There are 2 protein chains.
Amino acid sequence: MCAIRSGLSSGKRTGRPRSAAADRAILAATRSALAEVGWSRLTLGDVAARAGVAKTTLYRRWPGKNELVVDAVAALFEEQLELPDRGSLEADIRGVVLRFAELLDRPETRTALMAVIAEATHDDALRLRIRAAIVDRQKHLVVLGRKRAQQRGEIPPDDPADPADPENPSDPSDPDAPAGGAAAPWRDNLIFDVVAGAVVHRVMVSSEPVDEEWARRLAGLLVVGLGGLHTARNLF
Amino acid sequence: MCAIRSGLSSGKRTGRPRSAAADRAILAATRSALAEVGWSRLTLGDVAARAGVAKTTLYRRWPGKNELVVDAVAALFEEQLELPDRGSLEADIRGVVLRFAELLDRPETRTALMAVIAEATHDDALRLRIRAAIVDRQKHLVVLGRKRAQQRGEIPPDDPADPADPENPSDPSDPDAPAGGAAAPWRDNLIFDVVAGAVVHRVMVSSEPVDEEWARRLAGLLVVGLGGLHTARNLF
DNA sequence: GCAGTTACGCTACGGGTCGTAGCGAAAGAC
DNA sequence: GTCTTTCGCTACGACCCGTAGCGTAACTGC
């Protein structure tokens, strides 16, 4: 996260420091306005007025609407990064599903997430910002859950003999690789896309609630399917 | 789809008819502009100029940017509704995955789909429009694939004794019910959310391609998982 | 203290887009 | 030919954008 850096390089800076309270007020005002008027009708002038700051202050910290909204939403993802160990892979998946759904339950998250993703289609810098602030944190939960399941013996440990994905060779810049140092990161990424994608689609497109019942069904589907991917990995 | 109705009530109307060519030009211009400049920088004046029509003509047919974009994108979904029978559930899933990914391969679809979904958060009419023009057509493919799999015997037929979803009782207005007249529509809906959500998430968030390899993995996960949902349906 | 530096609130501005209104001309229905 | 509706065009007020300039406030280092 973090706005425009005012100081040039190193830490020590002179002069009047930026108000951290203003930062919080601006981000909160952004979320509030987002929930009320939506993305397209959101104006920076309105945000500044809600936050009780001048419009120019806003532009001194964020280049534009997109970046501000990303930071405003990213703050919601900062709070609860860890996930308690619920004792089984199935329960952990249910936990992460409900955790993610809880975030999407806030109207400002719903509106903002889709909007910034749409904007990121034409803005590489914005995509990186989203990845660092939001996506990587969610993906970390998947890696964590997989490692726990391996420790429990629910799924086999990483097999060094398991050949790397031929279509995703171990390229240093390969986004399939950096996460957990696993031998087969494509499984983590597949699960990540399935879990996060299904929850988002359920909430945003199908407009149906993600409740305990649905989470149980999705987790059941995945646990059984994951077992199949390991036991009969060359079946398909 | 369909813009603003000019005539008052019944079919027959007198006077100069609306130019169908203008409609096509406007929608094509919208897609073109969307792919180039993105959602937030898209202006209706620009679209009108690209289409070679007056800006007022545009406002006579669509209430605003959102509705225009929905119709422009929906036209892409109209073309290929059916899916060839590929002989197995796994192959059918792969087919629908690649089919959906093909649509998302167009930059205008990527940009527009997320943007209109974000806007739909605050606009019920827009949500209905999206549902009718886009979502229902995609969901139909899932129902079709499930019926084929049942005919092949890959998954058991609908069990009349299968109790309806307690959290989704057979309410006439229940969106879990209307699709295929199945005894357990929640399975169709779950698969729909998982498949469509995973593809969208893979393309939009992970920014990775949906290729044959990935489709095979997702299909494998689902086929195994679906079998588990049927054989051990009360396990979770 | 004092000077130096940076952030802040405020005002004002040109530029762009929105969505609408009014007009005369064009195109089809009767 | 007459009637009805659409079309292209121009013009308009309203709004928002993003920036510049100013005087003031807050904090640092001497």
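On a predicted model such as this, the values are computed, not experimentally measured, just so you know. In what follows, chains carry the letters A, B, and so on, assigned in the order in which the sequence lines appear, proteins first and then strands, with residues in each chain numbered from 1.
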Exercise. Rounded to the nearest Å, what distance is computed from the CD1 atom of residue B:I26 to the C1' atom of nucleotide D:dG8?
Worked result: 12 Å
Problem set entry | salt bridge (Lys or Arg N to Asp or Glu O under 4.0 Å) partners for A:R16, two or more places apart | none
For this session: Whole angstrom is fine here: how far is it from CH2 in B:W62 over to P in C:dC18?
Result: 16 Å
For this session: Could I get the full list of salt bridge (Lys or Arg N to Asp or Glu O under 4.0 Å) partners for A:R41, not counting sequence neighbours?
Result: none
For this session: Check the distance between C:dC18's P and B:L58's CG and give it to me in whole angstrom.
Result: 10 Å
Exercise. Want to settle it: does B:R41 or A:S19 sit nearer the 5' end of DNA chain C, counting the closest nucleotide to each?
Worked result: A:S19
Exercise. Closer to the 5' end of DNA chain C via nearest nucleotide, is it A:G52 or B:G15?
Worked result: A:G52
Problem set entry | Sidechain-backbone polar pair: A:S32 side chain, A:A28 backbone, donor-acceptor under 3.5 Å | no
For this session: With side chain to side chain contact (heavy atoms under 4.5 Å, CB included) as the test, would you mind laying out the steps for B:M114 and B:R110 before giving the verdict?
Result: CA-CA 7 Å; B:M114 295 296 101; B:R110 270 203 293 274; over 6 Å; no
Seminar exercise, completed: note: B:L68, atom CG; C:dC18, atom C1'; distance rounded to Å ~ 15 Å
Problem set entry | Ion pair check, A:D124 and A:R127, cut-off under 4.0 Å | yes
Problem set entry | Heavy-atom protein contacts under 4.0 Å, nucleotides 11-24 of chain D, coded B base, S sugar-phosphate only, - none | -----SBBBB----
Exercise. Where do A:L98 and A:E212 land on the side chain to side chain contact (heavy atoms under 4.5 Å, CB included) test, with the steps shown first?
Worked result: CA-CA 7 Å; A:L98 291 174; A:E212 290 275 353; 3.5 Å; yes
